[in-house]
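Some notes on the structure that comes next.
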There are 2 protein chains.
Amino acid sequence: MDEQQERHIVTLKDVAAASGVSISTVSRVLDDRTPPSRSATAERVRRIADDLGYRRNMFASGLRRGATGTIGVLVPRLTDHVMALMFEAIERTARARGSFAVVATCGDDPAEERRATETLLDRNVDGLVLATARLDDTLPALLRERGVPHVLALRTDGVSPSALGDDEAGGYFAARHLVDLGHQEIAVITGPWFTSSARDRLAGARRALAEGGIELPDARVISTGYGIESGHVAGRSLLDGGATRPTAIFAANDNLAIGVVAAASAAGLTVGRDVSVVGYNDIPLAAMLPVPLTSVRTAFDQIAASALDLLGGTDGAVTRALPTLIPRASTAALGR
Amino acid sequence: MDEQQERHIVTLKDVAAASGVSISTVSRVLDDRTPPSRSATAERVRRIADDLGYRRNMFASGLRRGATGTIGVLVPRLTDHVMALMFEAIERTARARGSFAVVATCGDDPAEERRATETLLDRNVDGLVLATARLDDTLPALLRERGVPHVLALRTDGVSPSALGDDEAGGYFAARHLVDLGHQEIAVITGPWFTSSARDRLAGARRALAEGGIELPDARVISTGYGIESGHVAGRSLLDGGATRPTAIFAANDNLAIGVVAAASAAGLTVGRDVSVVGYNDIPLAAMLPVPLTSVRTAFDQIAASALDLLGGTDGAVTRALPTLIPRASTAALGR
DNA sequence: CTGTTAGCGCCTTCAT
DNA sequence: ATGAAGGCGCTAACAG
């Protein structure tokens, strides 16, 4: 279809020459930020630009305008399914709003986080979405000082604008579900203590248990990482406990839950019969496990939308998207 | 530590003024592409630039130089663990070589793939890594015509430079492993037929079976998607078959294998005893499943390194990184 | 609405 | 080794 050989890259000058108007006119006609003119020349210029295969040079354009139509996203790692889902949601949302999302990964290392942030800022992003916040992190404060537009996603430092899931409610739903099934011996495995999500999910679970008049001794609360391995270790320590073994476990993350399930299998227990397990986030895999996993579904799209809203917004707001409990076979009433 | 308030962004001009030299000198001193000068002024300028918190404006710089130090990566989706692993490997490698990797996702839709490619090219990437190639895809041809530096990763169209895993060898290892365990009734579930990886893995499996003098009837070969769900469906159809049921299944992807395992559980079969299952890629989850999954480990880092090598290279080469079989509990000798 | 003019910040000849 | 000058492609004032 396209016959033009793009050996030479088409610039505004070429389009101007071909249309017999000035460069500025072309620039204005092709400006996508204003409602497009419907005048005859405008139409013609647009057609010619299209025929020639003109594409705006983002460097030149970005140099001149302030903004770049790019937002930077920082996540610990994309191999964490939760982060991949979050980023894809942000990417979709950004695209729908006409911008482009670039991602950088930084593991769990604050120094690396700084470095990655600088890298993104160097690329003149219009704003930053951080899915890395620790409660003890000073990066958000630094960004606030520097006046860099930013928003925290999934986790908060308690100060900067944040687009969160309602982790307290999610934790409540999960634990309430177990209580409703008649469980009394319940344990909670929560994520790293430096994440707001870990604390809030535990707080929600505590509320549900308190309502049911159920004790949650400290020995039944384990704070650990967010990886499968952590769940495996925690699960083993909970399930090997013989008589004191809990009949139900709320893992504050599907990875943890998967680790727990593996530990249960290894201990000869059947999940959904001998022990009930609830996860969190409802990653697609949850539904496809040998024993489908009950989980709390996080509204990633809603969080992404809020995040981009807040990026534009004026000052420190916090949104909390309500999650949904998805009951599956991994949880069952006590005593079958 | 940094005391300067970056209200005003520091440019070369500022550094020049503060050091009492010309802009061009500063520009030269700070040019990271050439071996850094060790002269007195050079050292001083570098120090001042650092103190002032100077950061090169990539737009201005990119506008002037041709290159941007950015490579674009195109993947179908990051929620596919394989793609997340591939991208992270590319990101790491790129960073180690001083560039930055940006990713775009495009699903399985060729039209969307074009759009995403244009988006990346608009951002003046120095080159493109595509992990999306279909055998019937015309995008690589288009890029070749246009002279856009690019390399295909994981999958090839058979023409453009490609950094692949040795899928034929991997398929061979997987099937050979099953043959060695004494299995005779073996089925293969392979990925979409438009991917070179699906075809090559099947070809390797065929070779191993042929060596063992084992038949692979067409009914025992299923070509499907690369998702868990596809594996579940395929697994069900293979395992429900009563007497004709295979004793071992090679799934050309861990997702497929997980789906098969779920189907096996649902059919009341114990994986590793009643049926052996081999996956492919050895995603971290594979080792953590209730029954740890035997899989063929893909050398993502090696593929990433080759990909970036080929991006710089002259013309159409193909590299194939040798994978490794990782035996686990999901495969066992026939008859226990 | 259109064209002219003047840079955005940086890099790179070309002279010194 | 250094400085002066021009321009990458685009956009934002400023006239007309």
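No hydrogens, no waters, no symmetry mates; every other heavy atom, side chains included, goes into these values.
In the set dC10(C), dC10(D), dG9(D), the nucleotide with an atom closest to the side chain of R56(B) is dC10(C). Taking only side-chain atoms of T41(A), from C-beta outward, the nucleotide of dC10(C), dC10(D), dT2(C) with the closest atom is dT2(C).
For R55(A) against dG9(D), no side-chain N or O and base N or O form a donor-acceptor pair under 3.5 Å.
If you check every strand for non-hydrogen atoms under 4.0 Å, I23(A) touches a base. In this structure, L12(B) reaches the sugar-phosphate backbone alone: every heavy-atom distance under 4.0 Å involves primed, P, OP1 or OP2 atoms, never a base.
For the pair R28(A) CZ and dA13(D) P, the interatomic distance rounds to 12 Å; values are reported in whole Å. In this entry the distance linking CZ of F59(B) with P of dT11(D) reads 12 Å, nearest Å. For the pair Y54(A) OH and dT11(D) C1', the computed distance is 10 Å after rounding to whole Å. For R65(A) and dA13(D), the CZ to P distance is 13 Å, given to the nearest whole Å. Remark: P of dA12(D) and CG of L63(A) are 12 Å apart, rounded to the nearest angstrom. Note: CG (N57(B)) to P (dC8(D)) measures 18 Å, nearest angstrom. For the pair D14(B) CG and dC8(C) P, the interatomic distance rounds to 12 Å; values are reported in whole Å. Spacing between atom CE of M58(A) and atom C1' of dC8(D) amounts to 16 Å, rounded to whole angstrom units.
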Watson-Crick and G-U pairing of DNA chain C written in dot-bracket, each distance under 3.5 angstrom, with | for inter-strand partners: ||||||||||||||||
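The shortest distance between the side-chain N/O atoms of S24(A) and the OP1/OP2 oxygens of dT2(C) is not below 4.0 Å. Listed pair T25(B) / dA1(D) fails the phosphate criterion, with no side-chain N or O lying under 4.0 Å from OP1 or OP2. Here R33(B) does not reach the OP1 or OP2 of dC10(C): none of its side-chain N or O atoms lies under 4.0 Å away. Under 4.0 angstrom from either OP1 or OP2 of dG9(C) there lies no side-chain N or O belonging to R64(A). Distances shown here put a side-chain N or O of S27(A) below 4.0 Å from the OP1 or OP2 atom of dT11(D). Proximity of S22(A) to the phosphate of dG3(C): a side-chain N or O atom is located under 4.0 Å from OP1 or OP2.
Note on R56(B) versus D32(B): salt bridge recorded, some NZ/NE/NH1/NH2 to OD/OE distance being below 4.0 Å. By the 4.0 Å N-to-carboxylate-O rule, D50(B) lies too far from R46(B) to be salt-bridged with it. Salt bridge status for E118(A) with R146(A): present, with a side-chain N to carboxylate O gap under 4.0 Å. A salt bridge links E43(B) with R38(B): at least one charged nitrogen is closer than 4.0 Å to a carboxylate oxygen. A salt bridge links R97(B) with D309(B): the distance from a Lys NZ or Arg NE/NH1/NH2 to an Asp or Glu carboxylate oxygen falls below 4.0 Å.
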Name the atoms and distances for all side-chain donor-acceptor pairs under 3.5 Å in residues 12-21 of chain A, with sequence neighbours left out.
unit_1, atom_1, unit_2, atom_2, d
D14(A), OD2, T11(A), N, 2.8
S19(A), OG, V15(A), O, 2.3

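S160(B) and R144(B) share a side-chain donor-acceptor pair at under 3.5 Å.
When each of A60(B) and S37(B) is assigned the nucleotide of DNA chain D bearing its nearest heavy atom, the one mapping closer to the 5' terminus is S37(B). The 5' end of DNA chain D is approached more closely, in terms of each residue's nearest nucleotide, by V21(B) than by the other of K13(A) and V21(B).
Counting all heavy atoms, side chain and backbone alike, V103(B) lies closest to F100(A) at O-CZ, 3.9 Å.
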